[in-house]
Amino acid sequence: MSAKSGGKIINISSVHEELPFPHFTSYCASKGGLKMLTRNLSIELAPFGITINNIAPGAIETPINKKLLNDPAKLNALLANIPLRRLGQPEDVAALAAFLASSNSDYSTGTTFFVDGGLTWNYQEQ
């Protein structure tokens, strides 16, 4: 029996693989570890035609952010750090996942794709 070759691995990371998040050290460490896992496995799995990438969402409008969404002061402070001045939608993440799962991304491996409206490179400690 021969093994099939080729495939896609898509991890969900976070902007906190790059950004500090005070009082959430273990969360940031796990996301940083996922970043390096992805980078290392991209080298190890490439001979098998397998790509591996991370999606790193920023502030996405989901039920987990309900408290933030209901606090205008905190929401406005966050939006001030996002160059696109809006929260992401689940569809923003899903569209990137669909791209990474498709053959259109066959030459992309070992990287993180940020879905954050520019937050990562515009972040200022709150």
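Side chains are part of it too, since the values below use all heavy atoms of this structure and drop only hydrogens, waters and symmetry mates.
- One distance of note links CG of L19 with CH2 of W121; it measures 7.5 Å at 0.5 Å rounding.
- Summarising the geometry of R86 relative to Q89, their closest heavy-atom pair is NH1-N, 4.1 Å, with the distance given to 0.1 Å.
- Residue I43 holds its CD1 atom at 7.5 Å from OG1 of T109, rounded to the nearest 0.5 Å.
- Under a 3.5 Å cut-off, the side chain of R85 and the backbone N or O of A80 do form a donor-acceptor pair.
- Side-chain atoms of L78 and L87, non-hydrogen and from C-beta on, do get closer than 4.5 Å to each other.
- When ring centroids are compared, F24 and F21 come within the 6.0 Å threshold.
- With values rounded to the nearest 0.5 angstrom, N76 atom CG is found 11.5 Å from N81 atom CG.
- Between C28 and P20, the shortest heavy-atom distance links the atoms SG-C, 4.3 Å.
- Through direct or relayed side-chain contacts under 4.5 Å between Ile, Leu, Val, Met, Phe, Trp and Tyr, F113 connects to I10, I12, I55, I60, V93, L96, F99, L100, V115.
- Of all the heavy atoms in G110 and S42, the pair that sits closest is CA-CB, 3.3 Å.
- Note: K74 NZ to L79 CG = 14.0 Å, rounded to the nearest 0.5 Å.
- When all heavy atoms of N53 and T38 are compared, the closest pair comes out as CA-CG2, 3.8 Å.
- Partner T112 forms a side-chain hydrogen bond (donor to acceptor under 3.5 Å, both in side chains) with one of E17, K31, K35 and no other, that one being E17.
- Hydrophobic clustering places L41 together with F48 (ILVMFWY residues linked when any side-chain heavy atoms are closer than 4.5 Å, directly or through intermediates).
- The heavy-atom pair separating S13 from P57 by the smallest distance is O-CD, 3.6 Å.
- Considering all non-hydrogen atoms of both residues, S108 and T51 come closest at O-CB, 3.5 Å.
- Among residue pairs with one or both ends in residues 100-109, those qualifying as salt bridge (Lys or Arg N to Asp or Glu O under 4.0 Å) are K8-D106; sequence neighbours excluded.
- Each of I9, N11, L37 was checked for a side chain to side chain contact (heavy atoms under 4.5 Å, CB included) with N54, and the lone residue meeting it is N11.
- Distance OG1/T25 to NE2/H23: 8.5 Å, rounded to 0.5 Å.
- Going from atom CG of L34 over to atom NE2 of H16 covers 14.5 Å, rounded to the nearest 0.5 Å.
- D71 places no side-chain N or O within 3.5 Å of a backbone atom of K67 that could act as its donor or acceptor partner.
- By the 4.5 Å heavy-atom criterion applied to side chains, E18 and D116 are not counted as neighbours.
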